[in-house]
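Shown next, in structure tokens, is the structure this report addresses.
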Amino acid sequence: MRKERIDRGLKVRTQGIYAITSAREILYLMGPRILLIAGLLALPFVFELAPYWKKVINIMCAYALLALSFDFLANYVGLVCLGGAFFTGVGGYFAAIFNVELGIPIWLSMPLATIVGAGFCTLCLLPCLPLRGVYFAIVTLMYPLLFTRIIEALNILGGTNGMTGVAPFPNAYFENYTIIVVVLIFLFAMRRFVNEDAGLVLRAVKDNDQSVRASGISVTRMRIIGVFIAALLGCFAGAYIAHLYMWAGISLFALDFSIIPIAAVVIGGGGTLVGALIGAFILVPLSEILRAFGTFRIVIYCAILTGFIVFKSEGIMIYLQRKYHQFERWVKV
Amino acid sequence: MELLVYGIINSITLSLISLGFTLVYSISRVPNFAHGALYVASGYLTWLFLNEFLGIPYLLAILAGVIITSLVGAAIYQFILVRIRGMEISEIIATYAIGLAILEGLRWGGLRGGTFVLPTFFAGSINVLGVSVDYQRLIIVGAGMLTFVILYMFTRFTKVGLAFRGIAQDERAAMMLGINSDMTAVLSLAIGSALAGLAAVLLLPLGNIVVEGGYNVLVFAVAVCVIGGLGSWGGVIVASFIIGFAQILTEYFISAHYQMVVALLAIIITLLVKPSGIFGKQKELEERV
């Protein structure tokens with residue numbers, strides 16, 4: 001006996017655009033997407049009576065952005081970023097500088113910090129982009145530690161106390177919906193981007209860089225584009241967190257911002273982009289529940305992470321996709 | 001004179017730290033991001049043996065600490081890394097996660113503050129070339145040189161050591177000649193972890209055992225290895241002398257806070273100028289894409 005997997009008839013019928021004839025097929029295609037969008041948009045209302053958990057939604061979405069950025073870099077560009085905290089830190093500090101020092105209003109300081117911060121991150125990471133992926137991992141591992149040290153040692157940007165007085169959001173709904181809408185926009189934009197020409201070349205860079213080079217395309221240039229996009233996501237999350245807490249300090253370079261997104265991607269399923277979101281939506285509330293454990297939470301993430309990598313490397317999302325699109329049956333060999 | 005003496009000591013310290021990392025990378029091609037964690041764990045284990053089981057001689061406690069660390073290293077490969085061998089992304093994430101788990105677990109378990117101190121081997125100091133140097137630092141220099149010599153002999157004149165070099169140079173050809181790739185990798189992780197442990201018991205008597213030390217060790221080990229050329233052993237020694245002296249000079253002329261900056265600047269300059277590192281000739285083509 002052997003288990004075989006067969007695509008559902010519905011999936012086969014809905015693959016081509018001409019074949020969609022019934023509401024059921026449209027639902028089959030649109031259902032999961034609508035569920036995600038409507039679910040996310042409804043979240044602030046669901047937790048209307050629990051203001052604490054409304055705050056958790058914000059953090060959860062910020063981590064989802066970081067996870068999205070990690071997933072994109074690792075599975076579409078082939079670079080493992082061990083320091084997502086670098087992006088959040090740079091974004092957060094830029095937002096604080098723009099808002100506090102230069103007096104730029106919040107609705108302009110966040111996008112500005114995102115773009116300038118992403119440019120700054122890309123510039124910092126530029127030297128290791130023409131090289132194999134392991135160098136990128138090493139350098140990104142060092143940057144958050146290094147920037148913490150520099151800020152502490154030179155006592156710049158507020159030193160260990162951080163920069164206070166960053167403008168808050170006007171109200172709680174504004175807080176929630178800014179990040180939720182941005183997460184959704186980035187998610188669907190990225191999904192489209194990775195299937196465009198540039199995205200295909202990026203994937204080729206990951207799979208076989210020599211052949212990309214042989215085709216006359218600069219690997220370094222493609223990687224710069226990839227890193228810039230990932231840094232955009234990370235820096236936006238950082239700028240958002242700085243405005244959320246009305247504060248930018250060295251805890252923006254904390255380890256949590258590096259390890260939770262990695263764990264979220266591994267749990268959710270690498271390479272699916274949506275998986276990164278799902279992973280973050282599982283891990284962040286979990287980490288709120290386990291708040292009493294302090295730094296032991298990082299041990300828990302790492303244990304989950306290693307467990308998933310070793311025993312269930314496909315992740316939740318790919319498993320769900322398989323169940324959704326295919327059915328299994330036993331056949332005689 | 002002071003600069004020279006402390007420069008040499010600092011350089012040998014750095015090379016002790018990074019030998020384990022480079023050994024593991026050159027043989028099994030696994031960047032062992034748990035290196036710093038193993039370093040701290042070994043120091044902590046030695047402290048535990050020394051203080052919880054009173055009556056154990058110091059030497060025995062050290063031996064136990066180093067051996068357990070090396071077993072942990074072997075176990076990491078045998079039970080986790082062997083399943084994801086060759087998947088670079090997964091290897092990096094897994095070793096990083098293990099390292100973080102060990103370090104943050106220790107922090108949670110109470111490893112903080114200045115209470116965890118290993119005693120020096122011999123108290124006192126001696127004049128070397130007009131500079132007062134304590135015995136512990138002299139022992140570090142001696143042990144460091146001894147380790148280089150032993151490693152050199154081991155890789156040239158023993159069967160296992162030759163197998164190590166074979167795998168490092170060309171894994172497929174080595175496998176065809178009957179060298180077990182996985183077995184060698186397990187051994188390399190065991191030895192690499194033992195080297196991390198050795199570095200820990202030698203260096204930690206100079207300071208406290210703290211979790212942050214693990215991150216620093218990892219960063220410096222990686223810096224030295226990148227500059228010397230990932231996986232090149234001669235490169236490690238040269239690079240640690242470069243960084244070691246650069247650090248002592250910045251500390252002397254500017255400020256001690258910049259040590260990490262020096263390491264990072266050195267990495268970036270190396271990556272820009274000669275990405276394969278000083279001695280990374282052998283794999284030069286593979287490093288650039």
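Reminder, nothing fancy here: chain letters follow the sequence lines and each chain counts from 1.
- For chain B, the nearby part of A/S258 is the side chain; its heavy atoms alone come within less than 4.5 Å.
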Q: Show your working on side chain to side chain contact (heavy atoms under 4.5 Å, CB included) between A/L255 and B/Y215 and close with a plain yes or no.
A: CA-CA 11 Å; A/L255 211 52; B/Y215 295 111; 3.2 Å; yes
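- No side-chain heavy atom of A/I300 sits under 4.5 Å from any side-chain heavy atom of B/E104.
- Summarising the local packing, CZ of A/R221 is surrounded by 12 or fewer heavy atoms from other residues, nucleotides or ligands at distances under 6.0 Å.
- Among A/L305, A/T306, A/L146, the residue with the largest count of heavy-atom pairs under 4.5 Å with chain B is A/L146.
- You'll find the side chain of B/T270 stays beyond 4.5 Å of the side chain of A/Y135, heavy atoms only.
- Of the two parts of A/L82, the backbone and the side chain both hold a non-hydrogen atom closer than 4.5 Å to a non-hydrogen atom of chain B.
- With a 4.5 Å cut-off on non-hydrogen atoms, A/F70 touches chain B through its side chain but not through its backbone.
- Interface check for chain B: of the options A/I150, A/V212, A/I298, A/V139, the most heavy-atom pairs under 4.5 Å are formed by A/I298.
- Distance SG/A/C128 to CD1/B/I268: 8.0 Å, rounded to 0.5 Å.
- Ranked by non-hydrogen atom pairs under 4.5 Å with chain A, the options B/V222, B/L100, B/I84, B/I98 are led by B/L100.
- No more than 12 heavy atoms of other residues, nucleotides or ligands shown are found within 6.0 angstrom of CG on A/D197.
- Neither the backbone nor the side chain of A/Y301 has a heavy atom closer than 4.5 Å to any heavy atom of chain B.
- Screening B/I80, B/V82, B/L81 for a side-chain contact (heavy atoms from CB on, under 4.5 Å) with A/V310, the sole residue that qualifies is B/I80.
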Q.
Could you walk me through whether B/N216 and A/R149 satisfy the side chain to side chain contact (heavy atoms under 4.5 Å, CB included) test, starting with their C-alpha distance in whole Å, then the side-chain angles of each, then the deciding distance to 0.1 Å, before giving a yes or no?
A. CA-CA 11 Å; B/N216 286 350; A/R149 289 294 158 77; 3.1 Å; yes
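- Two residues are said to be in side-chain contact when any heavy atoms from C-beta on lie closer than 4.5 Å; B/W108 and A/V299 fail this criterion.
- Between chain A and the options B/I92, B/I269, B/I102, the largest number of non-hydrogen pairs under 4.5 Å is found for B/I92.
- Taken from SG in A/C302 to CG in B/L103, the straight-line distance is 9.5 Å, to the nearest 0.5 Å.
- A pairwise comparison of heavy atoms in A/I309 and B/S90 identifies CD1-O, 3.9 Å as the closest pair.
- For the pair B/Y96/A/V80, no side-chain contact is recorded, criterion being any heavy-atom separation below 4.5 Å from C-beta on.
- Between B/I89 and A/A74 the shortest heavy-atom distance is CD1-O, 3.1 Å.
- Contacts between B/L218 and chain A at a heavy-atom distance below 4.5 Å involve the side chain alone, from C-beta outward.
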**Q.** side chain to side chain contact (heavy atoms under 4.5 Å, CB included) assessment of B/R107 paired with A/F296
**A.** CA-CA 8 Å; B/R107 195 204 293 274; A/F296 189 67; over 6 Å; no
